[in-house]
J.: 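Mind looking over this structure? Questions follow.
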Amino acid sequence: MPDIKTQLKDALTDALKTLKVENAEIIIQEVPDGKPGDYGSPIAFVLAKSLRKNPALIAQEIVAALKNPAGIARAEVVGPYINFHVDTASFVQSVITSDTSLPAQNKKVVLEHTSVNPNKEAHVGHLRNIVLGDACARILRAAGHEVEVQNYIDDTGRQAAESIYAMSYFAAEYDGRQKYDHWLGELYVKLSEAKETDAEKIEQGVSEVMHRLERGELRNNVADVLRSQLDSYYELGVEYDLLVWESDVVNSGFLRRGLDILEKSPYVSRPTEGKYAGALIMDVSEFIPGLEEPNIVLVRSDGNAMYVAKDIGYQFWKAGLFEGLSFASFDTQPSGKVLYSSSPAGSEHSNGKTFAHGQEIINVIDVRQSHPQTIVRTALALSGTPEGKEAFENSHHLAYEVVTLEGQAMSGRKGITLSIDEVIAEATRRAKAIVEEKNPTLQEIDEVAHQVGVGALRFGMLKSEAKRIIDFRWEQALSLQGDSAPYVQYAHARACSILRAAQAEGLSDAAADWAKLGPLEVKLAQLISKLPEVITTAARDLAPHQIAQYALDLATAWNSYYNHKDKYGRPDTQVLKAEPGLREARLALVKSIKQTLATSLSLLGIAAPEEM
RNA sequence: GCGCCCGUAGCUCAGCCGGAUAGAGCGUUCGCCUCCGGAGCGAAAGGCCACAGGUUCGAAUCCUGUCGGGCGCACCA
């Protein structure tokens, strides 16, 4: 059955036919507090001009011609608005019992996030990328898409080389006392300092390591760091489908293949004179207006490819313009899901899997990469292939703003940095202190503290728009009250507690008498019924904050309902102490609220403990 | 210089493909456990929605301009 808003839209469309109005765009909205009705439409305003009539009069005529859909008790004219009153019993019952999962979209989305250099521990700037990408993947899946999450491993870059070289330069031996990526990160920093006195030797050593990396020789060294980093991501509840190693991308000729495609494009040329003589350049002026210099160098005149050309090759592969990587399993993740990896020793379809071929491609990369990302996307449009054009339309750069630390830009050199591991540990510690205080008899305190602490962290990264700068401050990031994950988790636990008590009493919602419910319950049901709509728009806009805001709204509404008092100041919304029939109906509503809160949190990758 | 993003309560932010009195949290003040979990609830105070024009029956929301702030614009990676 279509949701209530769609039904109302259809009913209005029918009614408008009697007024000889077609194709009007009908808006259905929730009625603000204090006005009569539950859903309303300002449609009469829109028609006032073309019908040359007073909107209030039009509203009356529409209502006269209107046949209310099931679940709507009556329509009322409120000035120029048409407001609908739902039939409490049937509305709440249908909201609670209907299946809210969204239909499959038959569309494969390739989503890249994380892509942290494998040479030191990840910091809170990366945290935002990881959490944002992970939440988007979850939301897209809920919206019915098939999602393949890729994590790009830049194992041939200078940073990886410096860290690996630092081990031999300092003859350092890992003793297991700290997390491996932290240990290596320290050597990396130390090496940067040593450059001041021993630049030549270091430069030579690093360069040698870079060459070995390109040949894929030191892959195990990189994998050591990577596994250590992955441990942190797993702790955040983040998992991947595929690791794509840059050395594999390079060695499988993606660069050559990408350039082969581009060289056929009329926008790509190799000038024989002028300042670009001998280089391969791409003219993007038609797609990126306002550039001072519309020519992008893909291959330098000395024959070396620019980094962006590598990225273009990778992007082409994501879109399925060519094949050429082989894969093997790399790890079993905490949930039991296998993590695959590109691998020279693997096969093209490891376990029968087909990677890439995304009909939609999403790159989660910070806003400072907007320019190169636009170039990468534009290259798809210039590829001249139908798939490329299609992929151009369906490529998105999810550009998020940076994270600053107490107002300062992060900088490894200046020591202004904060690792994910440190933040997780501190968040969990603070959460544990509160849990111990509030609920000392709780069984799995450590697990719950972790869920609450990590939840608070993730929520803080997700609750506002991606294009907003986040200034990381401990008190805000780890706040356990107010607009936070623990607030929502608490609302959830509170619902669980009622459900537990009900179960102990052997109550079942089969005996629900829906007609005994009132307007307070209708408000809650309205909110519950909104989730699919929220998921759809959050997926469309790649905007997890919409889910976060929704979760807060629902938790607030539920807390408010829970504490509601009649005019004598007595609680009038109790569940278990309500009369039979009403009691079971409210119980069913609470179950639905609990479920909806848990679903919302899970879309953000946040756990919903039953007790806390 | 050009391009992108931001400007809403003291602070941090929702609301933005136009609709009904602009909403939260933090902070401040005052109430609420004889009641299923007080990590909660209720209330007060706090807004020329940066500014100026325009479009519209209607603008925080759309358009133009101005002013503030951030970021980006290499034959680097």
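Below, chain A is the first sequence line, B the second, and so on; all start at residue 1. Values reported hereafter were calculated over all heavy atoms of this structure, with side chains retained and with hydrogens, waters and symmetry mates removed.
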J.: Atom CG of A:Asn563 to atom C1' of B:C33: distance rounded to whole Å?
T.: 10 Å
J.: Pairing check on B:C35: which nucleotide meets the Watson-Crick or G-U wobble criteria with it, both distances under 3.5 Å?
T.: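 Base partner found: none.
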J.: Check this for me: A:Lys591, atom NZ, are more than 12 non-hydrogen atoms of other residues, nucleotides or ligands nearer than 6.0 Å?
T.: no
J.: In terms of heavy-atom contacts, does CD of A:Gln204 have more than 12 from other residues, nucleotides or ligands at under 6.0 Å?
T.: no
J.: Does B:C4 fall in syn (glycosidic angle within 90° of 0) or anti?
T.: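 This nucleotide is in anti.
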J.: What is the base-pairing partner of B:C67, counting Watson-Crick and G-U wobble geometry with both distances under 3.5 Å?
T.: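 Matched B:C67 with B:G7 under the 3.5 Å cut-off.
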J.: Could you give the CG-to-P distance, from A:Leu499 to B:G37, as a whole number of Å?
T.: 11 Å
J.: Check the phosphate of B:A77 against A:Tyr307, side-chain N and O only, distance under 4.0 Å to OP1 or OP2. Yes or no?
T.: no
J.: Over all strands shown, is A:Gln574 touching base, sugar-phosphate only, or nothing at heavy-atom distances under 4.0 angstrom?
T.: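 Since a base atom lies under 4.0 Å of A:Gln574, the category is base.
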J.: Which pair of non-hydrogen atoms, one from A:Gly79 and one from A:Ala59, has the smallest distance, and what is that distance?
T.: O-CB, 4.3 Å
J.: Between atom CG in A:Leu291 and atom C1' in B:G72, what is the gap in whole Å?
T.: 11 Å
J.: Detail all sub-3.5 Å separations between protein N/O atoms and N/O atoms belonging to nucleotides 14-17 of chain B.
T.:
unit_1, atom_1, unit_2, atom_2, d
B:A14, OP1, A:Glu465, N, 2.7
B:A14, OP2, A:Arg468, NH1, 2.5
B:A14, O2', A:Gln549, OE1, 3.3
B:G15, OP1, A:His545, NE2, 3.0
B:C17, N4, A:Arg540, NH1, 3.2
B:C17, N4, A:Arg540, NH2, 3.2

J.: Does B:A77 have OP1 or OP2 sitting under 4.0 Å from an N or O in the side chain of A:Arg300?
T.: yes
J.: With a cut-off of less than 4.0 Å, is there a side-chain N or O of A:Ser560 near OP1 or OP2 of B:G42?
T.: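 For A:Ser560, the contact criterion (side-chain N or O under 4.0 Å from OP1 or OP2 of B:G42) is met.
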J.: Once you round it to whole Å, what is the distance between P of B:C11 and CD1 of A:Ile470?
T.: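 Rounded to the whole Å, the gap is 19 Å.
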J.: Assess whether a salt bridge exists between A:Glu203 and A:Arg158, defined as any Lys/Arg side-chain N lying under 4.0 Å from an Asp/Glu carboxylate O.
T.: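 Salt bridge: yes.
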J.: To the nearest Å, how far apart are A:Glu401 CD and B:C6 P?
T.: 10 Å
J.: Do A:Tyr276 and A:Arg300 pair up side chain to side chain, a donor and an acceptor below 3.5 Å, judged on atom types alone?
T.: no
J.: Please tell me which of A:Ile469 and A:Tyr276 maps to the more 5' nucleotide of RNA chain B, matching each residue to the nucleotide holding its nearest heavy atom.
T.: A:Ile469
J.: Stacking check: are the rings of A:Phe45 and B:G58 less than 5.5 Å apart at their centres and under 30 degrees in tilt?
T.: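 Answer is no, no stack.
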J.: Under a 3.5 Å limit for both distances, which nucleotide forms a Watson-Crick or G-U wobble pair with B:U61, could you say?
T.: none
J.: Measure centre to centre between the rings of A:Phe459 and A:Tyr487, then say whether the value is under 6.0 Å.
T.: no
J.: For the residue pair A:Tyr152 / A:Glu246, report whether a side-chain donor-acceptor contact shorter than 3.5 Å exists.
T.: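 There is such a pair (donor and acceptor under 3.5 Å, judged by atom type) between the side chains of A:Glu246 and A:Tyr152.
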J.: Let's test this: given Watson-Crick or G-U wobble pairing with both distances under 3.5 Å, identify the partner of B:C48.
T.: none
J.: Can you check whether A:Lys467 has a side-chain N or O nearer than 4.0 Å to OP1 or OP2 of B:C5?
T.: no
J.: Quick one: A:Tyr490 OH to B:C36 C1', roughly how many Å, whole number?
T.: 11 Å
J.: Strictly under 6.0 Å, is that where the ring centroids of A:Tyr314 and A:Phe254 end up?
T.: no
